[in-house]
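As structure tokens, the structure follows; a few thoughts come after it.
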Amino acid sequence: MPAVVINKHDGHELDAVSDAVDDVNVLKAKIWDTQSEFDSIKDKTTFRQYENACDRVKNFYKEQHEKQTVAFNIKARMEFKSRKRARMGIWQAMEMLNTLVDDSDPDTELSQIEHLLQTAEAIRRDGKPEWMQVTGLIHDLGKLLHLFGSEGQWDVVGDTFVVGCAFSEKNIYPDTFAGNPDFHDAVYSTEYGIYEPNCGLDNVMVSWGHDEYLYHVVKDQSSLPEEALAMIRYHSFYPWHREGAYAHLMSSKDQLALEAARAFNPYDLYSKSDEPCDAEKLRPYYEGLIAKFFPAEIDW
């Protein structure tokens, strides 16, 4: 058998190639949190203008702030675990949601499928990973709660906040919390309420709605990474990821979730002024991406 001759340089060259591949993989993994470029020319002062919002928006938040109590949040979570509402695929869910206009949103009256596609397309144009594009596409599908028998829109949409401790002044329309029974509770009205310092967001109740619902739907039925799950769970938690509230409840683990929510927010918020999307033209591309992260049907 002829001898095998090994070039003494081969090992070094192989190591160099391996190191280069590792470097590229690190860059690919981190690209999700680089600054968004698509919104660089947008006038951001025109978004989230709640003081000038119409009565529909103001009345929505008053109702939400008065009804999102600890008791309601416990009940909502128990009901979620007790039954399945539907079984269908992601695109079918998007089409089902298309009849809803969000009463809490001062920035758009577009249908939900338009907003989902605008968000996903903005992420795609910025060259973000496929998992983040899919996250943009599905992030509001939790609004299906409104079609599954919610008590109104107040327990589905709107900015989220922590219940079980003092309501932050950094919430939208903070004065309207005075009508919430928990506002006057001896425990719930304190800084930490029923929680411990730095207990971590996994151990607190953020007001029930489409974020929390969709997070629980997809976390065990998809291959989405932790960053994606944080984007879904906390994208409406504006007092936290935008205003810095509730930091006293965070653990060190929550820093990645905060970075993820902040990285996702520009695409969710500023894509609302983009041109409408052609759903049928984009459908084959996004159905291909969906299939990489989800089975054909999931439980809702």
Side-chain angles (χ1 to χ4, degrees), residues 50 53-88 93-109 111-113 115-116 138-168 171-185 187-189 193-194 201 204-219 232-240 268 298-300:
Y50 284 99
C54 64
D55 288 342
R56 166 179 62 84
V57 174
K58 293 179 178 178
N59 291 337
F60 162 83
Y61 273 106
K62 183 176 186 295
E63 183 178 23
Q64 183 206 43
H65 290 173
E66 290 177 350
K67 293 182 176 180
Q68 284 275 358
T69 62
V70 169
F72 168 76
N73 273 266
I74 293 172
K75 173 175 169 284
R77 285 161 172 80
M78 291 177 63
E79 288 181 352
F80 168 79
K81 295 177 180 179
S82 67
R83 65 186 178 96
K84 301 297 181 187
R85 294 149 187 82
R87 183 168 179 82
M88 59 184 164
M94 291 170 59
E95 292 179 329
M96 183 177 180
L97 186 63
N98 209 31
T99 58
L100 177 68
V101 174
D102 186 340
D103 282 346
S104 71
D105 194 338
D107 297 325
T108 185
E109 293 187 359
S111 67
Q112 292 301 305
I113 199 168
H115 171 54
L116 294 177
I138 71 167
H139 75 281
D140 273 347
L141 286 183
K143 292 178 182 179
L144 284 169
L145 270 176
H146 190 59
L147 306 179
F148 291 154
S150 68
E151 297 192 18
Q153 286 210 18
W154 62 268
D155 59 337
V156 178
V157 298
D159 286 9
T160 56
F161 47 89
V162 177
V163 299
C165 66
F167 299 113
S168 173
N171 287 311
I172 294 297
Y173 307 133
D175 292 345
T176 59
F177 284 102
N180 187 310
D182 293 353
F183 183 85
H184 307 283
D185 185 270
V187 175
Y188 301 153
S189 61
I194 59 177
L201 295 185
V204 307
M205 285 190 293
V206 178
S207 56
W208 180 258
H210 71 282
D211 296 35
E212 188 74 4
Y213 166 68
L214 185 63
Y215 165 75
H216 286 291
V217 167
V218 304
K219 69 183 179 70
I232 290 168
R233 193 176 197 180
Y234 299 123
H235 71 269
S236 301
F237 196 9
Y238 277 90
W240 175 60
D268 180 21
I298 63 174
D299 291 324
W300 297 85

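Position 1 is the first residue of the sequence, and the numbers go up from there.
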remark   = Residues passing the salt bridge (Lys or Arg N to Asp or Glu O under 4.0 Å) test with Asp299, sequence neighbours excluded, are Arg87
query = Who pairs with His146 by ring-ring contact (aromatic ring centres under 6.0 Å, His included), at least two apart in sequence or on another chain?
reply = none
message = Walk me through whether Asp211 and Val206 qualify under side-chain contact (heavy atoms from CB on, under 4.5 Å).
response = CA-CA 9 Å; Asp211 296 35; Val206 178; over 6 Å; no
ask   = Do the side chain of His184 and the main chain of Ala178 share a donor and acceptor less than 3.5 angstrom apart?
value = yes
note = Rounding to 0.5 Å, atoms CG (Leu214) and CG (Leu141) come to a distance of 6.0 Å
query = Between Asn171 and Ser168, what is the shortest heavy-atom contact and its length?
reply = ND2-O, 3.0 Å
message = Can you tell me how far apart CZ (Phe60) and OG1 (Thr176) are? Round to the nearest 0.5 Å.
response = 10.5 Å
task = Applying side-chain contact (heavy atoms from CB on, under 4.5 Å), run through His210 and Leu144 and close with a yes or a no.
result = CA-CA 8 Å; His210 71 282; Leu144 284 169; over 6 Å; no
task = Determine the minimum heavy-atom distance between Gly158 and Ser236, stating which atoms define it.
result = O-CB, 3.7 Å
remark   = Heavy atoms of Val162 and Phe237 approach each other most closely as CG2-CZ, 3.7 Å
message = With side-chain contact (heavy atoms from CB on, under 4.5 Å) as the criterion, how do Ile298 and Val217 come out once you've worked through the C-alpha distance, each side chain's angles and the decisive distance to 0.1 Å?
response = CA-CA 8 Å; Ile298 63 174; Val217 167; 3.9 Å; yes
key: Any donor-acceptor pair under 3.5 Å from Asn98 side chain to Ile113 backbone   = yes
ask   = Is there a donor-acceptor pair under 3.5 Å between the side chain of Tyr188 and the backbone N or O of Thr69?
value = no
query = Got Met94 and Gln112 here, is their nearest side-chain heavy-atom distance under 4.5 Å?
reply = no
remark   = Note: Phe148 and Arg83 closest approach over all heavy atoms is O-NH2, 3.5 Å
Heavy-atom closest pair, residues Asp159 and Gln64 = O-NE2, 3.1 Å
Which residues share a salt bridge (Lys or Arg N to Asp or Glu O under 4.0 Å) with Lys67, sequence neighbours left out = Glu63
ask   = So, Glu212 side chain and Met205 main chain: donor-acceptor pair closer than 3.5 Å or not?
value = no
ask   = Under 6.0 Å between ring centres, would you say that holds for Trp240 and Tyr234?
value = yes
ask   = Do Asp182 side-chain atoms and Val70 backbone N/O form a donor-acceptor pair below 3.5 Å?
value = yes
ask   = With His65, which of Tyr173, Phe161, Phe167 fulfils ring pair (Phe, Tyr, Trp, His ring centres under 6.0 Å)?
value = Phe161
request  = Could you walk me through whether His139 and His115 pass the side-chain contact (heavy atoms from CB on, under 4.5 Å) test, one step at a time?
outcome  = CA-CA 10 Å; His139 75 281; His115 171 54; 3.2 Å; yes
Heavy-atom pair with the smallest gap, counting every atom of Val156 and Gly142 = CG1-O, 4.4 Å
message = Under a 3.5 Å cutoff, is there a donor and acceptor pairing between the side chains of Gln68 and Asn73?
response = yes
Salt bridge (Lys or Arg N to Asp or Glu O under 4.0 Å) involving Lys62 - partner list, sequence neighbours excluded = Glu66
ask   = Hey, does the side chain of Tyr213 reach the backbone of Trp300 with a donor-acceptor pair shorter than 3.5 angstrom?
value = yes
key: Partner set under side-chain contact (heavy atoms from CB on, under 4.5 Å) for Glu151, not counting sequence neighbours   = Phe72, Lys75, Trp154, Asp155
request  = Return the set of residues passing ring-ring contact (aromatic ring centres under 6.0 Å, His included) with Trp208 (not counting sequence neighbours), or none when no residue passes.
outcome  = none
query = Is it true that a side-chain atom of Asp140 and a backbone atom of Leu116 form a donor plus acceptor pair closer than 3.5 Å?
reply = no
From Gln153 atom CD to Leu145 atom CG, the distance as rounded to the nearest 0.5 Å = 11.5 Å
